[in-house]
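We number each residue from 1, following the sequence as shown.
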Amino acid sequence: MAPRGKSMIGVSRTVRGDSLVAYEFVIVREQGEQLAYEAHPSGQPAAVFLSRAVSDSSVLFENLQHDFPQRVGYQRDGPDSLLAWIEGMQNGQSRRIDFPYRRAACSGTGH
């Protein structure tokens, strides 16, 4: 959602067939001089990540006390592309998962 009240809200869901597999509700808000990324993933406790680096085209959030991920990032790549990622240590191994996004037309029909 567009910024209002010093915050932005986002929602995602993963569906397989007719079943909801996972969902996440996210609030990005101003918190003092930083941005706070507050994630509410399905089946897990909420986690807050604070901005470590912010530019016109990217932002990196970090919470080193979180199990996985410890970092959440977004990098704009042109007017219609966005790379999101999560990264950190998991079971003693460094891990990163990329989520590339492209703008798509939305029919608004709910299908």
Audit row: F49, L60, side-chain contact (heavy atoms from CB on, under 4.5 Å) steps and yes/no
CA-CA 9 Å; F49 301 79; L60 180 64; over 6 Å; no
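- In terms of heavy-atom proximity, V26 sits nearest to A39 at CG2-CA, 4.4 Å.
- When all heavy atoms of P69 and E87 are compared, the closest pair comes out as CB-O, 3.4 Å.
- Atom CD1 of I27 sits about 13.5 Å away from atom CG of L35, to the nearest 0.5 Å.
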Take R13 and V21 through the side-chain contact (heavy atoms from CB on, under 4.5 Å) test and state the conclusion after the steps.
CA-CA 8 Å; R13 68 179 168 196; V21 176; over 6 Å; no
Test side-chain contact (heavy atoms from CB on, under 4.5 Å) on Y37 and V59; report intermediate values, then the result.
CA-CA 10 Å; Y37 180 98; V59 62; over 6 Å; no
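- Nearest heavy atoms, S81 versus R102: OG-NH1, 2.5 Å.
- Within the structure, side chain to side chain donor-acceptor pair (under 3.5 Å) pairs that include any residue of residues 21-35 comprise R29-E38 (at least two apart or interchain).
- Note that CG of D98 and CD1 of I86 are 9.5 Å apart. Values are rounded to the nearest 0.5 Å.
- One finds the OG atom of S7 at 8.5 Å from the CE atom of M1 (value rounded to the nearest 0.5 Å).
- From R95, atom CZ reaches atom CE of M89 across 12.0 Å, with rounding to the nearest 0.5 Å.
- One hydrophobic cluster, built from ILVMFWY side chains closer than 4.5 Å, cannot hold both W85 and F61; they sit in different ones.
- F25 pairs by the ring pair (Phe, Tyr, Trp, His ring centres under 6.0 Å) definition with H40, not counting sequence neighbours.
- With sequence neighbours excluded, the residues that form a side-chain contact (heavy atoms from CB on, under 4.5 Å) with L82 are Y74, Y101.
- Of the possible polar contacts, none joining the D80 side chain to the R103 backbone as a donor-acceptor pair under 3.5 Å is found.
- In terms of hydrophobic clustering, with Ile, Leu, Val, Met, Phe, Trp and Tyr side chains grouped at heavy-atom distances under 4.5 Å, V72 and I97 are assigned to a common cluster.
- Residues Q75 and S58 come closest through the heavy atom pair OE1-CB, 3.1 Å.
- Between S42 and A22, the closest heavy-atom pair is OG-CA, 3.5 Å.
- In this structure, CZ on R76 lies 8.0 Å from OG on S55, to the nearest 0.5 angstrom.
- One distance of note links CG of D18 with CZ of R16; it measures 13.5 Å at 0.5 Å rounding.
- No continuous path of ILVMFWY side-chain contacts below 4.5 Å connects F68 to V48, so the two sit in separate hydrophobic clusters.
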